[in-house]
Amino acid sequence: MGFLEELQKRIIIADGAMGTLLYSHGIDRCFEELNLSKPEDIIHIHEAYLDAGAEVIQTNTYGANYMKLARYGLEDDVKEINRAAVKLAKQAASGRAYVLGTIGGLRTFKKSAITLEEVKRTFREQLYVLLHEEVDGILLETYYDLEELQTVLAIARKETTLPIITHVTLHGVGVLQDGTPLSDALSQLEQLGADVVGLNCHLGPYHMIRSLEAVPLPSTAFLSAYPNASLPDYRDGRLVYETNAEYFKETALSFREQGVRLIGGCCGTTPKHIAAMAQALIDRTPIQTKQVKQQQANISIPSAEPKSEPPLEDIVKKRRSVLVELDPPKKLGIGKFLEGAKALKETNIDALTLADNSLATPRISNVALGTLIKQQLGIRPLIHITCRDRNLIGLQSHLMGLHTLGITDVLAVTGDPSKIGEFPGATSVYDLSSFDLIQLIRQFNEGISYSGQPLGQKTNFSIAAAFNPNVRYLDKAVQRLEKKIQCGAHYFISQPLYSEQKIEEVYEATKHLEAPIYIGIMPLTSARNADFLHHEVPGITLSDDIRSRMAACAHDPIQSSREGIAIAKSLIDAAFDLFRGIYLITPFLRYEMTVELVRYIQEKERSISERKVLHHG
């Protein structure tokens with residue numbers, strides 16, 4: 001009798017975690033490579049699960065793909081590692097259990113790091129080896145991203161008639177990270193040809209059972225569940241799972257009541273957990289009908305309150321708009337900063353942008369200063385958010401805080417790596433890329449957290465994204481802009497440009513984009529400043545002519561400032577008829593230079609308006 005025929009009649013017990021047991025024995029390296037270097041250890045673990053009552057075991061191939069093996073320099077050993085894994089599992093099973101070829105998901109929360117084309121290539125290579133070695137079925141497990149799982153399932157279903165088990169992984173109860181309800185996701189997988197649909201990893205039995213309560217029995221497929229042992233604890237640098245086997249004995253009956261027919265374990269589970277479930281389910285008769293707990297109706301998330309002022313992306317589409325960056329101070333004391341902010345306020349700029357520890361150097365919190373200038377001076381703050389300093393938890397908390405403060409203008413940036421700053425040993429987090437951060441903010445605007453849970457309100461963020469045109473291949477930079485627009489960017493703020501020709505090139509390369517661009521211009525203060533920017537700051541390039549002009553007045557600070565302003569004005573002239581948005585970057589809190597440039601822009605605008613009036617008059 002085949003695997004699916006048996007599932008039709010009874011509940012089948014699967015195995016538990018492989019990595020947990022290896023980890024508990026002090027092995028902290030590529031587990032899949034052990035198929036080659038320590039085959040006896042893998043066989044012993046398989047046998048332990050079989051002795052505990054497992055009737056299905058999975059190959060030790062969860063991360064045996066090109067991308068994950070490349071982390072260990074083993075990318076050329078994909079075939080050998082997968083082939084060995086199947087042989088070891090079959091040797092241990094000796095005909096007394098089914099062997100499933102396991103393929104783990106690649107995407108987690110950093111979705112943009114791996115394209116679907118990369119997913120397809122990597123998946124096919126591993127799938128073909130497992131199929132060639134004649135496994136009894138394919139287990140696709142730990143897929144946080146539904147799009148990825150749907151993609152690989154379609155490939156697998158086309159290549160084989162063997163049973164395919166698909167497992168999604170949830171951050172929270174009953175909903176995928178993109179907001180898709182679990183019941184809808186499993187139904188979609190069933191329609192794509194999955195023979196078994198269910199859950200594994202991240203959640204323990206309690207939350208996994210709660211998630212399954214709203215899932216009806218599939219029409220043609222079967223339900224499965226591979227829960228974690230518990231929530232992990234972190235002790236002395238190691239993850240520890242505490243749940244005892246008796247708890248799994250109790251919860252096994254609850255899984256049965258939810259219609260689960262294939263039940264195993266994931267992280268933290270051991271042969272003791274599997275033995276407990278097998279003992280609890282001596283009567284393997286599955287339920288035939290199920291009372292589904294009514295899902296909550298789609299939660300109506302109130303829209304964010306309308307903004308008191310129009311979004312910057314709308315303003316710049318209609319008229320000349322000027323943003324000014326004023327960096328938060330590196331030291332305590334904000335007298336000069338507030339003095340500069342007040343002076344810029346008087347020039348009627350549209351917003352004051354505040355960097356997020358630029359050049360990886362600690363500064364006074366831009367949120368604190370943004371709140372102050374909003375409350376005390378009535379200035380519109382535009383807060384930069386880097387991916388460098390906060391993990392996924394911190395970024396979401398940060399966004400909720402900004403929303404609570406009523407700050408709705410944000411710039412999503414990757415952030416300079418920590419090693420270029422004053423604390424090169426500090427950790428650069430980069431849980432998300434700038435693309436992912438933009439998507440996260442857009443999801444917040446829809447009222448959904450990253451885990452897919454409702455936030456209770458919709459945020460109303462206006463999302464700016466960074467644009468670096470100072471690259472060799474401008475077309476590739478523009479492709480990044482297009483990708484950021486797809487992710488949810490509303491408009492762009494560029495790195496400073498120091499070439500009139502480059503400004504024209506940027507215009508020609510981006511004029512097809514609907515999202516407006518604020519062109520960055522930063523006045524130079526000295527020849528040393530010019531050389532530093534050109535040679536040492538990523539994303540900034542100065543022309544030889546400009547560096548020569550600054551070098552000519554290197555020994556005269558006053559003339560250097562004048563020359564820097566003159567250069568900036570000529571760049572403004574070049575950008576004026578091509579871009580409505582100008583982004584002025586204040587060097588070293590020398591706000592008087594920026595004030596002069598703002599007034600220069602305004603005088604140009606007035607002059608043009610007056611000429612138009614005279615012409616039409």
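Only this structure's heavy atoms are used, side chains among them; waters, hydrogens and symmetry mates stay out. Numbers for residues simply follow the sequence, beginning at 1.
At a threshold of 4.5 Å between non-hydrogen side-chain atoms, the residues Leu542 and Leu533 count as touching. Between Ser451 and Gln177, every side-chain heavy-atom pair lies at or beyond the 4.5 Å cut-off. Contact annotation: the side chain of Lys120 approaches that of Thr151 to within less than 4.5 Å [non-hydrogen atoms, C-beta and beyond]. Side-chain contact between Lys484 and Phe492 is present, with at least one heavy-atom pair separated by less than 4.5 Å. His171 places a side-chain heavy atom less than 4.5 Å from the side chain of Tyr144. For the pair Val316/Tyr491, no side-chain contact is recorded, criterion being any heavy-atom separation below 4.5 Å from C-beta on. Contact annotation: the side chain of Leu382 never approaches that of Leu352 to less than 4.5 Å [non-hydrogen atoms, C-beta and beyond]. A heavy-atom distance below 4.5 Å is found between the side chains of Leu437 and Ile385.
Atoms CD and OG1, from Glu592 and Thr586 in turn, are 9.0 Å apart once rounded to the nearest 0.5 Å. Taking CZ of Phe576 as the start and CD1 of Ile503 as the end, the distance is 12.5 Å to the nearest 0.5 Å. Distance CG/Leu524 to NE2/His534: 12.0 Å, rounded to 0.5 Å. Considering CD1 of Ile379 and CG of Leu344, their distance stands at 7.0 Å, rounded to 0.5 Å. The CD atom of Glu605 sits 9.5 Å away from the CZ atom of Arg580 when rounded to the nearest 0.5 Å.
Judged by distance alone, the side chains of Tyr591 and Glu339 do bring a donor and an acceptor atom under 3.5 Å apart. Residues Glu482 and His512 have side chains that bring a donor and an acceptor to within less than 3.5 angstrom of each other. Judged purely by distance below 3.5 Å, without hydrogens or angles, the side chains of Asn200 and Thr142 pair a donor atom with an acceptor atom. A side-chain donor from one of Arg547 and His535 sits under 3.5 Å from a side-chain acceptor of the other. Checking Gln501 against Glu505 by side-chain atom types alone, a donor-acceptor pair falls below 3.5 Å. Residues Thr169 and Tyr143 have side chains that never bring a donor and an acceptor to within less than 3.5 angstrom of each other. Side-chain polar atoms of Ser462 and Glu313 form a donor-acceptor pair below 3.5 angstrom. Counting only N and O atoms by type, the side chains of Ser570 and Asp573 include no donor and acceptor under 3.5 Å apart. Side-chain atoms of Asp545 and Ser543 include no donor-acceptor pair closer than 3.5 Å. For the residue pair Asp327 and Ser358, a side-chain donor N or O sits within less than 3.5 Å of a side-chain acceptor on the partner.
Leu405 meets the side-chain contact (heavy atoms from CB on, under 4.5 Å) test with Val367, Thr371, Ile407; sequence neighbours excluded.
Residue Arg319 qualifies as enclosed at atom CZ: its count of foreign heavy atoms under 6.0 Å is above 12. Atom CZ of Arg480 sits in a sparse spot, with 12 or fewer heavy atoms from other residues, nucleotides or ligands closer than 6.0 Å. A 6.0 Å sphere centred on NZ of Lys419 holds no more than 12 heavy atoms belonging to other residues, nucleotides or ligands.
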Do Asn445 and Thr459 pass the side chain to side chain donor-acceptor pair (under 3.5 Å) test, and can you show the C-alpha distance, the side-chain angles, and the key distance before you say yes or no? CA-CA 4 Å; Asn445 282 349; Thr459 59; 2.7 Å; yes
Determine, stepwise, if the pair Glu147 / Arg107 fulfils salt bridge (charged side-chain N to carboxylate O under 4.0 Å, His left out). CA-CA 10 Å; Glu147 181 185 38; Arg107 288 177 166 180; 3.1 Å; yes
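Under 4.0 Å is where a charged nitrogen must lie from a carboxylate oxygen, and between Lys569 and Glu596 at least one such pair does. Using a 4.0 Å cut-off between charged side-chain N and carboxylate O, Arg549 and Glu563 make a salt bridge. Residues Arg390 and Asp356 are paired through a salt bridge, judged by an N-O separation under 4.0 Å between the basic side chain and the carboxylate. Salt bridge absent: Arg528 and Asp531 never bring a charged side-chain N and a carboxylate O closer than 4.0 Å. Ion pairing between Asp350 and Arg380 fails under the 4.0 Å rule for side-chain N and carboxylate O.
Remark: side-chain polar atoms of Asp416 are paired, donor with acceptor, to backbone N or O of Leu359 under 3.5 angstrom. Here the side chain of Asn366 pairs a donor or acceptor atom with the backbone of His384 at under 3.5 angstrom.
Considering every non-hydrogen atom in both Leu312 and Tyr518, the closest pair reads O-OH, 3.5 Å. Residues Pro523 and Ile585 share a closest heavy-atom pair of CD-O, 3.4 Å.
Under the 6.0 Å distance and 45° angle rule, Lys458 does not count as a cation-pi partner of Phe444.
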